[in-house]
Asker: 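I'd like to ask you about the structure that follows.
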Amino acid sequence: MTSPQIALVRLLLEGAELPESGPVAELARAHPGRVAEARALIAAGLDPPDSADGTRALFDRLATEAPEAGVALYSLGAPELLDAATAELVGVVERWHPLVGQAVLDFGCGIGRVARAMAAHGAEVIGLDISPAMIAEAGRRGGAVRYRVGDGHGLDGISDASLDLMLAADSFPYLVAAGLLEAHLAEAARVLRPGGSLIVFNWSYRGDVAADAAEAARLANAHGFEVLRSAEWPFAIWDAAGFQLVRR
């Protein structure tokens with residue numbers, strides 16, 4: 001079942017009229033200003049750019065205009081909605097790959113909401129993002145996380161076989177759009193220890209999960225991973241498909 005948050009955002013993205021009754025209508029009435037903000041963000045453009053530089057510019061803009069909604073539009077930027085979505089996401093990660101004592105990279109960490117939550121679960125977390133403005137915002141919010149600005153082309157600065165987990169929550173679609181996906185799969189293989197996990201939520205925004213699963217299988221085989229989970233739907237709030245690749 002689609003959550004009211006996702007149903008509302010889909011209607012906004014389609015430019016459709018909102019219903020007058022039901023859970024979606026109630027959510028929209030509870031957050032009229034945030035719905036207007038989401039409409040403005042959509043109108044300004046949210047599609048993944050075709051280059052790393054374009055992705056950097058997009059998220060630098062979002063870090064200034066609407067940092068919470070910019071990293072999870074379905075939260076509408078409302079702190080209580082974002083907190084619930086973050087708790088659900090980290091709960092799934094914890095079930096798939098226990099976090100206590102693990103060295104974790106949050107790839108495309110944005111404002112650091114997931115990185116901080118994983119650190120609170122006992123992980124040692126590095127937050128990496130291509131956007132200096134997002135990293136500045138993440139640092140401002142504190143937490144026991146080491147933040148770094150990446151160049152968008154690889155994982156420079158992350159040592160070989162130094163990580164137990166690399167999480168990519170809604171960041172792979174930007175690699176797909178920019179033609180940088182396979183380079184980052186190779187980098188993930190480099191930085192993960194044997195038995196380490198690459199967990200991806202939303203492989204792409206193509207709208208073709210079968211194609212995503214096929215691509216995941218092909219790249220996993222090419223770069224020394226086994227596919228443990230493919231195109232699973234583990235969330236009640238979010239609509240992301242999940243993938244887990246394990247380093248051989």
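FYI, side chains are in, hydrogens and waters are out, and symmetry mates aren't considered; it's all heavy atoms of this structure.
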Asker: Would Glu124 and Val104 count as a side chain to side chain contact (heavy atoms under 4.5 Å, CB included) if you check the C-alpha gap in whole Å, the side-chain angles of each, and the deciding distance to 0.1 Å?
Answerer: CA-CA 6 Å; Glu124 299 176 5; Val104 178; over 6 Å; no
Asker: Evaluate the side-chain proximity of Leu163 to Arg193: yes if any heavy-atom separation is below 4.5 Å, no if none is.
Answerer: no
Asker: Taking the side chain as every heavy atom from C-beta outward, state whether Tyr147 and Val145 have any atom pair closer than 4.5 Å.
Answerer: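 Sidechains of Val145 and Tyr147: in contact.
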Asker: Hydrophobic clusters here meaning ILVMFWY residues chained together by side-chain heavy-atom distances under 4.5 Å, can you tell me if Val246 and Trp96 are in one?
Answerer: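 No; Trp96 is not reachable from Val246 via cluster members.
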Asker: Measuring only between side-chain heavy atoms, which start at C-beta, is Pro19 closer than 4.5 Å to Leu11?
Answerer: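 A side-chain contact under 4.5 Å exists here.
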Asker: I'd like to know if Ile135 and Leu155 are part of one continuous hydrophobic network [Ile/Leu/Val/Met/Phe/Trp/Tyr, side-chain heavy atoms within less than 4.5 Å].
Answerer: no
Asker: Can you hop from Leu18 to Tyr74 via hydrophobic side chains spaced under 4.5 Å?
Answerer: yes
Asker: Using a strict threshold of under 4.0 Å (side-chain N to carboxylate O), is an ion pair present between Glu137 and Arg141?
Answerer: yes
Asker: Has the side chain of Ser159 got a donor or acceptor atom that lies under 3.5 Å from a matching backbone atom of Ser162?
Answerer: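 No, because the side chain of Ser159 does not come within donor-acceptor range (under 3.5 Å) of the backbone of Ser162.
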Asker: Heavy-atom distance under 4.5 Å between the side chains of Leu81 and Leu27, does that happen here?
Answerer: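 The answer is yes; the side chains approach within 4.5 Å.
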Asker: Give the intermediate values and the outcome of side chain to side chain contact (heavy atoms under 4.5 Å, CB included) for residues Ile199 and Phe243.
Answerer: CA-CA 6 Å; Ile199 294 178; Phe243 299 78; over 6 Å; no
Asker: Mind checking the CD1-OG1 spacing from Ile237 to Thr2? Nearest 0.5 Å is all I need.
Answerer: 13.0 Å
Asker: For the residue pair Asp151 and Ile130, establish whether any side-chain heavy-atom pair is separated by less than 4.5 Å.
Answerer: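 No; the side chains remain at least 4.5 Å from each other.
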Asker: Roughly how far, to the nearest 0.5 Å, is CG of Asp60 from CD of Glu65?
Answerer: 11.0 Å
Asker: Would you sort out whether Arg10 and Asp239 count as a salt bridge (Lys or Arg N to Asp or Glu O under 4.0 Å), showing the intermediate values?
Answerer: CA-CA 11 Å; Arg10 288 178 180 173; Asp239 62 345; 3.1 Å; yes
Asker: Can you tell me how far the CG atom of Leu245 sits from the CG atom of Leu219, to the nearest 0.5 Å?
Answerer: 8.5 Å
Asker: Is a donor from one side chain sitting under 3.5 angstrom from an acceptor on the other, for Trp203 and Glu215?
Answerer: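 Judged by distance alone, the side chains do pair up.
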Asker: Within the structure provided, determine whether Arg248 and Phe225 are in side-chain contact (heavy-atom separation under 4.5 Å).
Answerer: no
Asker: Considering non-hydrogen atoms only, spot the tightest contact between Gly112 and Ala138 and give its length.
Answerer: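 The answer is N-CB, 3.9 Å.
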Asker: Determine, step by step, whether Met134 and Arg56 satisfy the side chain to side chain contact (heavy atoms under 4.5 Å, CB included) criterion, reporting the C-alpha distance in whole Å, the side-chain angles of both residues, the deciding distance to 0.1 Å, and the verdict.
Answerer: CA-CA 9 Å; Met134 282 289 181; Arg56 180 181 298 106; over 6 Å; no
Asker: Under 3.5 Å, side chain of Asp129 to main-chain N/O of Gly110, donor-acceptor pair present?
Answerer: yes
Asker: Using only heavy-atom distances, determine whether the side chains of Gln244 and His97 contain a donor-acceptor pair under 3.5 Å.
Answerer: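 Absent: no donor and acceptor within the cut-off.
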Asker: Taking it one step at a time, do Leu8 and Leu76 satisfy side chain to side chain contact (heavy atoms under 4.5 Å, CB included)?
Answerer: CA-CA 10 Å; Leu8 174 56; Leu76 301 176; 3.8 Å; yes
Asker: Which atoms form the tightest heavy-atom contact between Ala115 and Asp106, and what is the distance?
Answerer: N-OD2, 3.2 Å
Asker: So how far is it from Leu105 CG to Ile126 CD1, rounded to the nearest 0.5 Å?
Answerer: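 It comes to 6.0 Å.
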Asker: For the residue pair Cys109 and Gly127, what are the closest heavy atoms and their distance?
Answerer: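 Of all heavy-atom pairs spanning Cys109 and Gly127, the closest is SG-C, 3.5 Å.
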Asker: Within the side chain of Glu94, is there an N or O that forms a donor-acceptor pair under 3.5 Å with the backbone of Leu99?
Answerer: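 Flag set: sc Glu94 to bb Leu99 pair under 3.5 Å.
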Asker: Would a 4.5 Å heavy-atom cut-off, applied to side chains only, mark Ile42 and Leu46 as touching?
Answerer: yes
Asker: What pair of heavy atoms forms the shortest contact from Gly242 to Pro234, and how long is it?
Answerer: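 Reported closest heavy-atom pair: N-CD, 4.3 Å.
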Asker: Can you see which heavy atom on Val149 is nearest to which on Leu128, and at what distance?
Answerer: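 Scanning both residues completely, I find the closest heavy atoms to be C-CD1, 4.0 Å.
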Asker: Decide, yes or no, whether a salt bridge links Asp83 with Arg113 under the criterion of side-chain N to carboxylate O below 4.0 Å.
Answerer: no
Asker: To the nearest 0.5 Å, how far apart are CZ in Arg148 and CZ in Arg146?
Answerer: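 With rounding to 0.5 Å, CZ (Arg148) is 6.0 Å from CZ (Arg146).
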Asker: Do Phe201 and Leu180 belong to the same hydrophobic cluster, where Ile, Leu, Val, Met, Phe, Trp and Tyr are linked whenever their side-chain heavy atoms lie under 4.5 Å apart, directly or via other members?
Answerer: no
Asker: What closest approach, in Å, do Gly77 and Glu68 show between heavy atoms, and which atom pair accounts for it?
Answerer: CA-CB, 3.7 Å
Asker: Between the side chain of Arg247 and the main-chain N/O of Gly196, is any donor-acceptor distance below 3.5 Å?
Answerer: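 Answer holds: no.
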Asker: Considering only heavy atoms from C-beta outward, does the side chain of Ser3 approach that of Ile6 to under 4.5 Å?
Answerer: yes
Asker: To the nearest 0.5 Å, how far apart are NE2 in His184 and CG in Leu198?
Answerer: 11.5 Å
Asker: Please output the side-chain donor-acceptor pairs of residues 165-177 that fall under 3.5 Å, not counting sequence neighbours, one pair per line with the distance.
Answerer:
{"unit_1": "Asp170", "atom_1": "OD1", "unit_2": "Asn202", "atom_2": "ND2", "d": "2.8"}
{"unit_1": "Asp170", "atom_1": "OD1", "unit_2": "Tyr205", "atom_2": "OH", "d": "2.8"}
{"unit_1": "Asp170", "atom_1": "OD2", "unit_2": "Tyr205", "atom_2": "OH", "d": "3.4"}
{"unit_1": "Ser171", "atom_1": "OG", "unit_2": "Phe107", "atom_2": "O", "d": "3.0"}

Asker: Going hydrophobic residue to hydrophobic residue with side-chain gaps under 4.5 angstrom, can you get from Val93 over to Phe235?
Answerer: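 Yes; tracing contacts between hydrophobic side chains, which count when under 4.5 Å, links both residues.
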Asker: Any salt bridge between Glu187 and Arg190, counting N to O under 4.0 Å?
Answerer: yes
Asker: Taking atom CD of Glu80 as the centre, does the number of heavy atoms from other residues, nucleotides or ligands within less than 6.0 Å exceed 12?
Answerer: yes
